[in-house]
Structures are given as C-alpha cells and as structure tokens.
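Quick one: the structure is below, and I'll ask about it shortly.
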2 protein chains.
Amino acid sequence: MIGPMATIAVENYLKHVLLLSTREPELVPMGALAAALAVTPGTATTMVKALAEASLLRHLPHHGVSLTPSGRRLALNVLRKHRLVETFLVNILKMDWSTVHREAERLEHAISDEVLDRLDELLGHPQSDPHGDPIPSREGELRIQIYATLSSCVVGTSQRIVQITDQSENFLRFADQHGLPPGAVVRVTKRDHAAGVLTLRKPTGRSITLSLNAGAQISVELAMSQVAS
Amino acid sequence: MIGPMATIAVENYLKHVLLLSTREPELVPMGALAAALAVTPGTATTMVKALAEASLLRHLPHHGVSLTPSGRRLALNVLRKHRLVETFLVNILKMDWSTVHREAERLEHAISDEVLDRLDELLGHPQSDPHGDPIPSREGELRIQIYATLSSCVVGTSQRIVQITDQSENFLRFADQHGLPPGAVVRVTKRDHAAGVLTLRKPTGRSITLSLNAGAQISVELAMSQVAS
DNA sequence: AGATTTATTTTGACGACTCAAAATAAGTTG
DNA sequence: CAACTTATTTTGAGTCGTCAAAATAAATCT
C-alpha cells in the first residue's frame, strides 16, 4: 500500500518519529507524533499502519511506534538534508538563523543525494546546524549528546550555548534578540526555583532574566576557553 | 475548486503553458500541454478547467489555453526559480550542466521568494541560465530573442552558441561531450541540405558533423570578439 | 458534403492523504 | 474493581491529481 519511493508525507512521518525517539527511549506515542505533524490522531494511525505495512515502522497498537532499520536510514537522510540546508541558508545565503527552519522544511524533500553531497562539501562537512543540532553523517550516524541546560548547569561557571531545543519561531527569535545563539558564552548568576526564574550574565556585562522553563530549552556545555559571542 | 496557494501540479501546468506559448503565438493546444506534462489528455483537460475556474488560465474548449495575467505572473516566478536554481547548481555546486534540469524541476517548487532573491544576489543577477535560456526578472519580464541556429546561420562566420533548445538529457550530454555549451564559438564550414548534415569547426581546429535537425536545436549569434570555449 | 482520422472532453474509478466523529482500549481514581 | 478520563483506532467521507476508455467535436480527405 506504500510504493518504493518515499513521498513527502512519508519522509515527514519518519523524520518526526526519529526526532521524537531520540530523547524518549523507543516507542513514540501516537499523540505526540500526530501533534508534531499537525495532523489528527486518526490520520496518524492510518498512515502509521501503512508505513508499518511497508516495514518502515514498527507499530504496537495502542502503545506507539518505532523505526525499523530501513525507516531509520530514510529518516536520517531526511534529517541530514534538513540540517545541511539550514546550514547552507545561514552560512552561505546569510539568512536569519531563526527563520530558516520553515524553509528547510520544504527543501529537505526536494534535494537529491547528489546535491546533498555537494552542499556538504561546500559547507566544509559541518558537524552541527545553526541551532546546534548535530548533522547525521552520510553513513547514518547521529551522535546524540546529553547536555546540561541553563536550568540545570552549575551556577557561576561559564557555559557555552550548544543547542536551542525549542525551535519554534517565537523562541528562536527570543534567543536571537537576546544574543543567545549557539556559540554564545554566558554565566548563570542566580537561580530561584520558588519564583521559577534564573538570571544570566553575558561577557558584555548584560544581564537577562528568564523562566526555568525557557532555560531548560537552551543546552550548554562548560566553556573551557572564552569565545566572543 | 482551486485554493489560493499554488500546489506543485498547478505550478507545473502554468510553467509549461508559458514555455509552450513563447514560440507559438498564443493558444497552446491541449495535446502539447499534456505531452509536456507527461499526463494523459483527459487529465490535462480536467486540470485546465480547474485552473480556468481560478482565473489562472483562459480555456477555449477544443482549441487551447493561454495564461491570464495572474497565471503568467505565477508561471514566470516558477521559471525564474527554475533557471536560477540551475545556475546555482552549475556555478556554485559545480554540477554537470547537462544533468541539472531534473534537479531544478523539483527545487523550483520548494524555494521561497526570499531564498530566490538571495540566490539571485549570490549569483550576481545572471541574465541567463547554463543552457543559455533567459532568466525572467524579479518584475516578471522575460526578454525573448529570436536567434539564428546552426542550421540557419551564415556559413563561414564565427558564431557564439547562446542556447540549447532541446533540453533532453541525451541532447545536452551530446552537446557537452562535443564541447558545445552556451558560450562556445564555432564556425559552420559546410551545409548539405540534400544529405541533411552540416559540418562545423571549433577554434581548436576540431571538426564536428551533425544533422540539420540537431543543428536547429542550437541557437547562435554572431561572435564579435573571439571567446575561448 | 459525407466519411474518416485526429484532438479533445466526459465519465467512472482509483491512490494518497486528510478530517470529524463514533467506537474502543488503556490508564487512573475513588 | 468499577467508573471515569484520556489515548488510540475505526468509520465514513472529502480533496487533489491522476488514468483508461467511451463519447464527442474539429479537421481532413476524397
């Protein structure tokens, strides 16, 4: 019931299953998948059954889905396209890193593997995209690291932002406007769990206060050497 | 029956009507359109009626179709995307100019106007694509020139290739392998209408013989100054 | 003009993807 | 554990773009 060549919808289903199963171990619940795809639950069920039929997904009815090896291979290829395209749009076309997601969402289904390779070369085989997300290798390896976040890291130490987890247009614009792209170095100066806020200071001396929830969306690692924002 | 945002199919129909109506004056016949889109005549009729309903096309039943102003605007935008993408693939990604058509066929529907503008800038606002076809301007102007061809130009004079009309994979590869891309300078040394062949000589001294039919697919203009191939 | 060929349109059907709403299973709570 | 809430699956229907084949109009040719 599903042909040999992947349609845009198929690629999107697989990509989102991959995305949702990186953190949560295995079994992506239907609800989460449907929400990620902006589709009603019933639609997701129908589609998932077809994808399971085509051995791209495993479907445990009433419990969730996981990728088969071939599904995973396909999903990683799409994700690689997405992230390399994003990198291209920011690095070469100088587009705003907070707008770029939507563009890549369409382009990831239109570029061939050949173009993908050349793009990768042109960009110098980057390891991560402008949001700090790792780019799957040509061979389908995706190094996932568990990072601390602004809400969980040690107070007082210099931290380098490596990843913005919430990639909604709004949040990315917020991060952009406050000078918090991946690569920026900050220090959490105060964290108040009762009030639910934390304060951080940039090397420039500027202070920013944000909620713990927001802070949890920004991954960091210990900054060994200072790097200008 | 057709929404406000153009689907891939809609864009393709309009683009091909535009392409087919540049040479032939007005009224594109259904058969030609269906063939260009690799679709059965019945399908083309159905789709054309919907596009006429949406005021993107004018449909004179049993006679043919032509673009309305808004249809033309849309078609030109798609064509601009197609040709700028082709230029990008050849000039920046260094892809083979004879392979690039197929890639652009998918990308033209995936890139936004914003990306289009940046691409145009990156490429230095080129006037024509790697095959020599003119790139419509941002404002929707498409300068069409009538060129002589290798089959019709004056024998003995230096001519610069400006355009390959037949863009099938095969013919482009042929042109490529014989060193006949747009820009190359050649001289027709002999033309034999009885035998249906012509002979041309490159500045390097190399001679090539091809059919008059093939020659009619290669547009040329008088070469004022010699340019290395 | 009448008959035949050729181009176009209709008709009925299908595949991929989607929704809304009813049915059902799983999980939770008193 | 029985009642209730929440998540998932079914069912019936719709859209978009397509095809094959029958019906019809236009063009061509004696």
Side-chain angles (χ1 to χ4, degrees), chain A residues 1-17 20-21 24 26-66 71 74-75 78 105-106 108-110, chain B residues 1-17 20-21 24 26-66 71 74-75 78 105-106 108-110:
Chain A
M1 283 136 185
I2 268 195
M5 60 57 154
T7 79
I8 293 180
V10 168
E11 292 190 348
N12 272 329
Y13 275 83
L14 297 177
K15 184 186 70 171
H16 277 108
V17 173
L20 290 169
S21 55
E24 299 303 308
E26 293 299 302
L27 266 286
V28 176
M30 247 15 188
L33 182 57
L37 287 158
V39 140
T40 63
T43 301
T45 299
T46 309
M47 196 67 193
V48 154
K49 286 206 312 192
L51 292 170
E53 189 66 33
S55 311
L56 293 167
L57 244 55
R58 238 168 277 112
H59 182 206
L60 302 206
H62 286 282
H63 291 279
V65 291
S66 60
L74 229 157
V78 176
E105 208 70 22
R106 272 173 299 124
E108 66 189 356
H109 309 294
Chain B
M1 283 138 180
I2 268 195
M5 59 56 149
T7 76
I8 293 180
V10 167
E11 292 189 347
N12 272 331
Y13 274 83
L14 297 176
K15 184 187 71 172
H16 277 109
V17 172
L20 291 171
S21 55
E24 298 303 307
E26 293 300 303
L27 265 289
V28 175
M30 242 23 186
L33 183 57
L37 287 158
V39 141
T40 65
T43 301
T45 300
T46 310
M47 196 66 193
V48 154
K49 286 205 313 189
L51 292 171
E53 188 67 34
S55 312
L56 293 167
L57 245 58
R58 238 169 277 112
H59 182 208
L60 302 206
H62 284 283
H63 290 279
V65 290
S66 61
L74 229 156
V78 176
E105 209 70 20
R106 275 174 296 124
E108 66 189 355
H109 309 295

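Naming: A, B, ... by sequence-line order, numbering from 1 per chain.
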Relative to the 5' end of DNA chain C, which residue comes earlier, Ala38(A) or Ala32(B), by the nucleotide with the nearest heavy atom? Ala32(B)

Nearest to the side chain of His63(B), which nucleotide is it out of dT9(D), dA26(D), dT8(C)?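 Selected nucleotide: dA26(D).
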
Nearest-angstrom distance from the residue atom NE2 of His109(B) to P of dG17(D):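 Nearest whole value for this atom pair: 12 Å.
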
Taking the side chain as C-beta and beyond, is there a heavy-atom pair between Ile2(A) and Met47(A) under 4.5 Å?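 In contact.
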
Find the distance Asn12(A):CG to dT18(C):C1' and express it as a whole number of Å. 14 Å

Which nucleotide in the list dT8(C), dT18(D), dC17(C) gets nearest to the side chain of Ala9(A)?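 It is dC17(C).
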
Compare every heavy atom of Val28(A) with every heavy atom of Ser21(A), then report the nearest pair and how far apart it is.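 What the structure gives for the nearest pair is CB-CG2, 3.7 Å.
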
To the nearest Å, give me how far apart CG (Leu27(B)) and P (dT8(C)) are.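 Rounded to whole Å, this separation is 11 Å.
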
What is the distance, rounded to the nearest whole Å, between atom CD1 of Ile2(A) and atom P of dA16(C)? 7 Å

Interatomic distance where CE belongs to Met30(B) and P belongs to dA25(D) [whole Å]: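 Those two atoms, CE and P, are 17 Å apart.
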
Can a side chain N or O of Thr43(B) be found less than 4.0 Å away from OP1 or OP2 on dT18(D)? no

Within the structure, does a side-chain N or O atom of His59(B) lie under 4.0 Å from either OP1 or OP2 of dT8(C)? no

Nucleotide dT24(D), atom P - distance to NE2 of His62(B) in whole Å: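 Nearest whole value for this atom pair: 11 Å.
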
N/O (side chain, Tyr13(B)) to phosphate O (OP1/OP2, dT18(D)) under 4.0 Å: yes

Under 4.0 angstrom, heavy atoms only, what part of the nucleic acid is Gly42(A) near: base, sugar-phosphate, or nothing? base

Return the CG to NE2 distance between Leu27(A) and His59(A), rounded to the nearest 0.5 Å.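 The distance works out to 9.5 Å.
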
Which of Val65(B), Val78(B), Leu56(B) passes side chain to side chain contact (heavy atoms under 4.5 Å, CB included) with Leu14(B)? Answer is Leu56(B)

Nearest-Å distance, CG (Leu33(A)) to P (dC17(C))?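 Distance check: Leu33(A) CG to dC17(C) P gives 14 Å.
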
Measure from the side-chain heavy atoms of Val10(B) and tell me the nearest of dG17(D), dT9(C), dT18(D).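 From the listed options, dG17(D) comes nearest.
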
Shortest non-hydrogen contact between Glu105(B) and Lys15(B), atoms and distance: OE2-NZ, 2.7 Å

Quick one: which of dG17(D), dC17(C), dT8(D) gets closest to the side chain of Met47(B)?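 The closest nucleotide is dG17(D).
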
For Thr7(B) and dG17(D), is the shortest distance between a side-chain N/O and OP1 or OP2 below 4.0 Å?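 The answer is yes; a side-chain N or O of Thr7(B) sits under 4.0 Å from OP1 or OP2.
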
Between CG of Leu37(A) and P of dT8(D) the distance, given in whole Å, is 14 Å

